[in-house]
Amino acid sequence: MVMFGLVKLKLTIAICNFISREVILEKQLTGHRVDRSICAWFWEQTISQPDSLKVLPVIASPTHYLFQIVREGITFLACTQVEMPPLMGIENIFISFQVTLIMMPSDKPFPIIVADVLSDYLGGLNEDVIKDNFVIVYELLDEMIDNGFPLTTEPNILRDMIAPPNIVSKMLSVVTGTTSNVSDTLPGATSSCVPWRTTQLKHANNDVYVNLIEEMDTIINRHALYFPLVFFDKVLGLNSRNSYLFFVDFVVFSDGMLVKCEIFGLVEVNSHLSGVPDLTLSFANPSILNDVQFHPCVRFRPWESEQILSFVPPDGLFKLMSYRVKKLRNCPIYVKPQMSSDSGTCRINVMVGIRNDPGKAIDSVVIQFQLPPCVTSANLTANHGTVNILADKTCSWSIGRFPKDKAPQMSGTLVLEEGLEQLQVRPTFEVGFKVMGVALSGLKISKLDLKNLPTPAHKGFRAQTEAGLYEVRS
């Protein structure tokens, strides 16, 4: 038996502009009010310690606990004075404000459902958009969280309850003088067993498209680390004949050592189907998937027993599932940096090419690295693409698509500070790319079955892979 608990959130949420130190919007979730002076403390601490506090989601002040999320230059700050699960505060900021979808397995006590509410309603997320739609933002918060308790978070129900802003509604509010966008009737989906789907849907053309969207995170260490066998025998007290077991997760290339290579992927579905369809999606090799997370529409029992996805889809575009594929043994692109410095000048040469051909064209290839602080000037050229050095000393080499007749190469010199003979800090190269039409994890869709449809539907499949955190350490 699974028991679910409902937690009351004793929070105050504020939307702030960090640059102008302005509180754009404030919402007290319970009767206990939090003084706005806590925002001034947060700004002072963040300015005095920018690097340490910028990445911390939870900050302890003398009187409060603060939860922060930054989206599109806007800081969403929640504060509480009572003990509570820290992820509860962060998740509920995500429920209201995050631009992407957050999904958790539907059997968890407090599942996170769909997250990009403001982005759907406002068509973006910045200070001007929030200020132009104060009323709608407050109405959404009132419906989503009632006196500290999560209430209505399904986008389909919220759209029926609160009309999204458009030119017609703004003109009517000016003419009639009414500012409320809340409907007088309760949406039918509130009493449905599938609240994520609007009732009585009808489409002239039935179609459903499944997209595999993957990001590859890779770390390649330029110099592989080798340990003599005596290290295992005398230092670790291990048998040198079994020492290879410690390096089974590392792959050594000619240009370095593959420390990490894994895929984070999403199964995205764009559904326009009439009625209440029942879909079943199966993979050819589901055993490679790890850390799976589902949209609440997914029935967990079929996945647990047969590793197939059975669900009644929401209407429109949604993220059905997220996954991770770990310990990949190869990556599509190599970067070979060579650096030598003498007499205050550093000579640099970087070669880029295809290590493992994915079978499709690799597009949008970009190599970026940060020039060390000791570099005063740089003169870099490339035989393919363009090289730009930005004001913050970021060097960006845009390659685009690899040419067939030559390997892209960038070379030049870096002038060091006076009195410095050699470069002390070597840069880390960040790689960006995109491959359309293939999932580099190797995941393949076997079939998609559709039931309970009044007319046959068109099905389509697509895949793409792009670079996430792809680093080559020199």
Side-chain angles (χ1 to χ4, degrees), residues 99-103 106 113-117 119-121 123 154-160 163-164 166 187-189 192-215 265-286 289 292-300 302-303 306-323 359-361 363 434-441 443-466:
V99 183
T100 59
L101 296 177
I102 294 294
M103 299 168 291
S106 56
I113 309 175
V114 182
D116 58 346
V117 175
S119 180
D120 287 346
Y121 272 79
E154 286 295 339
N156 284 323
I157 299 178
L158 288 172
R159 289 190 191 98
D160 291 340
N166 53 51
S192 172
C193 59
V194 283
W196 53 83
R197 186 172 180 85
T198 306
T199 57
Q200 299 180 350
L201 273 174
K202 293 182 179 181
H203 293 283
N205 297 315
N206 290 316
D207 51 62
V208 57
Y209 300 96
V210 180
N211 301 331
L212 295 181
I213 303 174
E214 296 188 342
E215 282 190 357
L266 294 171
V267 180
E268 195 174 71
V269 179
N270 195 358
S271 171
H272 299 282
L273 302 172
S274 303
V276 186
D278 200 320
L279 278 61
T280 302
L281 179 66
S282 58
F283 300 100
N285 49 348
L289 302 179
V292 292
Q293 295 181 339
F294 303 111
H295 187 278
C297 70
V298 176
R299 303 180 181 100
F300 192 64
W303 174 263
E306 305 177 40
Q307 290 196 307
I308 61 174
L309 297 176
S310 176
F311 58 99
V312 176
D315 192 53
L317 183 66
F318 70 100
K319 295 181 182 179
L320 176 68
M321 169 187 177
S322 69
Y323 59 89
K360 299 287 185 178
D363 293 318
K434 181 179 292 186
V435 183
M436 302 298 297
V438 63
L440 293 184
S441 66
L443 182 65
K444 296 180 180 179
I445 295 176
S446 176
K447 62 179 180 178
L448 175 64
D449 295 329
L450 287 73
K451 299 178 182 178
N452 299 336
L453 283 175
T455 58
H458 175 72
K459 298 182 289 185
F461 305 95
R462 188 173 62 181
Q464 75 174 58
T465 304
E466 59 186 30

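Values below: every heavy atom of this structure, side chains too, minus hydrogens, waters and symmetry copies. What you see is a predicted model; the values in this text were computed from it and never measured.
Tyr323 and Val292 make their closest contact through CB-CG1, 4.1 Å (heavy atoms, listed as atom of the first residue, atom of the second, distance). In terms of heavy atoms, Pro314 sits closest to Cys297 at CD-SG, 4.1 Å. The minimum heavy-atom distance between Val276 and Arg197, with the atom names listed, is CA-NE, 4.1 Å. Residues Pro277 and Leu279 approach most closely at CB-CD1, 3.8 Å, considering heavy atoms. Taking both residues in full, the closest heavy atoms of Leu266 and Ser322 are given as CD2-CB, 3.5 Å, listed atom of the first, atom of the second, then distance.
Rounding to the nearest 0.5 angstrom, the gap separating the NE2 atom in His203 from the CG atom in Asp315 is 3.5 Å. If you take CZ on Phe294 and CG on Leu320, they are separated by 8.0 Å, rounding to the nearest 0.5 Å.
Taking the ring centroids of His295 and Phe318, they lie under the 6.0 Å cut-off.
At distances below 3.5 Å, not a single donor-acceptor pair connects side-chain atoms of Ser310 with backbone N or O atoms of Thr280.
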Under 3.5 Å, which donor-acceptor pairs link side chains of residues 452-466 to any protein atom two or more places apart or in another chain?
{"residue": "Thr455", "atom": "OG1", "partner": "Asn206", "partner atom": "ND2", "Å": "2.7"}
{"residue": "Lys459", "atom": "NZ", "partner": "Leu448", "partner atom": "O", "Å": "2.7"}
{"residue": "Thr465", "atom": "OG1", "partner": "Val438", "partner atom": "O", "Å": "3.0"}
{"residue": "Thr465", "atom": "OG1", "partner": "Leu440", "partner atom": "N", "Å": "3.1"}

His272 and Asn270: side chain to side chain donor-acceptor pair (under 3.5 Å), yes or no, with the steps? CA-CA 7 Å; His272 299 282; Asn270 195 358; 3.1 Å; yes
Test side-chain contact (heavy atoms from CB on, under 4.5 Å) on Tyr209 and Val269 and set out the steps. CA-CA 6 Å; Tyr209 300 96; Val269 179; over 6 Å; no
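With sequence neighbours left out, Asp363 forms a side chain to side chain contact (heavy atoms under 4.5 Å, CB included) with Ala361, Arg401. Taking Asp278 as the reference, Arg299 meet the side chain to side chain donor-acceptor pair (under 3.5 Å) condition, with sequence neighbours excluded.
Under the side-chain contact (heavy atoms from CB on, under 4.5 Å) rule, Val267 has a single partner from Ile213, Leu281, Asn211, which is Leu281.
Proximity of Met321 to Trp303: side-chain heavy atoms (C-beta onward) are separated by under 4.5 Å at one or more points. Contact annotation: the side chain of Gln307 never approaches that of Leu289 to less than 4.5 Å [non-hydrogen atoms, C-beta and beyond]. Looking only at side-chain heavy atoms (C-beta outward), Leu201 and Leu273 stay at 4.5 Å or farther from each other.
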